[in-house]
2 protein chains.
Amino acid sequence: MNYKVKEVADLVGISIRTLHHYDEIGLLSPAKITEAGYRLYSEEDLEILQQILFFKELGFSLKKIKEIINSPNFNREEALLQQRKFLQEKQQRLEKMIETLDKTIKYTRGEINMSDREKFEGFDFSKNPYEQEAREKWGDKAVDHANEKLEKLTVEGKKALGNEADEIYKKLAALKDKVSPASPEAQTAIKEWFDYLNINFGNYSLQAFKGLGQMYVADERFTRNIDQYGEGLAEFMCKAMELFADSNSR
Amino acid sequence: MNYKVKEVADLVGISIRTLHHYDEIGLLSPAKITEAGYRLYSEEDLEILQQILFFKELGFSLKKIKEIINSPNFNREEALLQQRKFLQEKQQRLEKMIETLDKTIKYTRGEINMSDREKFEGFDFSKNPYEQEAREKWGDKAVDHANEKLEKLTVEGKKALGNEADEIYKKLAALKDKVSPASPEAQTAIKEWFDYLNINFGNYSLQAFKGLGQMYVADERFTRNIDQYGEGLAEFMCKAMELFADSNSR
DNA sequence: ATTGACCATCACGTAACGTGATGCCTTATA
DNA sequence: TATAAGGCATCACGTTACGTGATGGTCAAT
């Protein structure tokens, strides 16, 4: 049920260091940690890891992957279907490269002629060709949408005093240098934030709330907006939100 | 006829910086440089670049690629055929990943069950799976390392008589003007050489053995050393080694 | 003669780990 | 039950393959 680092590494064919790294950057943290500090990965962790590796195969950066799987409108099945499509496209690219290769072989034998352009058909090392499409699905539009609201709450909210969000931000900004994210004061303020979001925008699950917090630090646009209330506020909130979600679930 | 950096970059789909980088590390330097210092790439340069990118697609490091295409026994057509094979293997890996993906989709829908092992079929992010094979074809550090020792064996071996290597060299030197490299006598002596190398230095594949033979004539230092036992011995051995490798591999 | 697109060379930055070094944990075996 | 081997953890610095400006020369067209 619970895998240790080496077991996971051997099972999926990656290095232990890679797992450490993913933990470090918060991309994939093990479900449990023993008293001795050993990482224990659950079956669900494995499934997230699978997702991560599919995206990696497609050339996404870890940062992007993190954004995607933490996106509020990320959907497992949709992602899998999308990845299927991408993998097929990649296969076609490979097919084209093989054709180019075949032509080149004939060319070196002097059997045919080949233009310089033809010599590079199927090649595309420029940019990740899938990113644009993925961005439309999970990235900017969705994020922008959430961000728009947030911007109203931060930038304009600053002017519109008496705004509840503004008050909460200020309260948190004042707390962030004095107490830890785990402190009762911070957790109380974070609960206000949680309730505020649930009243004003759809309903946030604890999981989604935690994900949102991670977005605050993962996505620059959020970070910028939030940090207007004080440098490091985004990070402080992220931690507080995670703690809040973890301690209130189960 | 002559392409400037941006033209190459656009044609191939890589960045200008990449070309600069390849020049810096001596992987691909332009055929010409203008007075003003502009890089001008020839058609041949493009073909080398194509080779480089094929290898890159297969996950080889730039260092490895440099070693390969500078290897004395590098052969353009052979490389292309090898790459074709590798690309096809990669395609199959992708195929497997897609199958895994399909299974996973069904699995998330609860239609089927899936073991943790199955969830990662087709994955292999561990090591470059093609490197081993390429290593045998074009040789690598391990071979180079053994070659250093070999050099000592030829130079110093002459003095340390009774040395087995010395005996084999002498036997071959005596044969080279009397029989052909394909003769049973020569092949028997060459087999002794092959066994000797395998006993004394790691294990030589037949491919590596053949490559080593080609090195004897391609690299002056080897030629000089070997030919101390008799003019033309290096060439004789090269042919004998190639025949030995080809007839024993089937 | 000037402008704008292109070229060059630093030189520092970054991503995704690799690679020890050092020390605690655990488990099979004597 | 002791002990040794193998696994795990955390630094912390190294590496690969470029990205990203900054700064300044070059060239063809206006």
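Letters A, B, ... are given to chains in the order of the sequence lines, protein chains preceding strands, and every chain is numbered from 1.
- As rounded to whole Å, 12 Å separates atom P of dT16(D) from atom NZ of Lys66(B).
- Scored by the salt bridge (Lys or Arg N to Asp or Glu O under 4.0 Å) test, Glu99(B) finds no partners at all (sequence neighbours excluded).
- Taking atom CD1 of Ile65(B) as the reference point, atom C1' of dA17(D) lies 11 Å away to the nearest angstrom.
- Between Phe60(A) and Phe55(A), the angle of the ring planes goes over 60°, which puts this pair in the perpendicular group of the 30/60° scheme.
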Original post:
For Phe54(A) and Phe86(A), what are the C-alpha separation, side-chain angles and deciding distance, and is it a ring-ring contact (aromatic ring centres under 6.0 Å, His included)?
Top reply: CA-CA 10 Å; Phe54(A) 275 132; Phe86(A) 287 160; over 10 Å; no

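- The structure places OG of Ser115(A) at 7.5 Å from CD of Glu121(A), a figure rounded to the nearest 0.5 Å.
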**OP:** Would you mind building the protein contact string for nucleotides 6-17 of chain C? One character per nucleotide, 5' to 3', B for base within reach (heavy atoms under 4.0 Å), S for sugar-phosphate only, - for untouched.
**Re:** BSSB-B----BB

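- With sequence neighbours left out, the salt bridge (Lys or Arg N to Asp or Glu O under 4.0 Å) criterion links Glu24(A) to Arg17(A).
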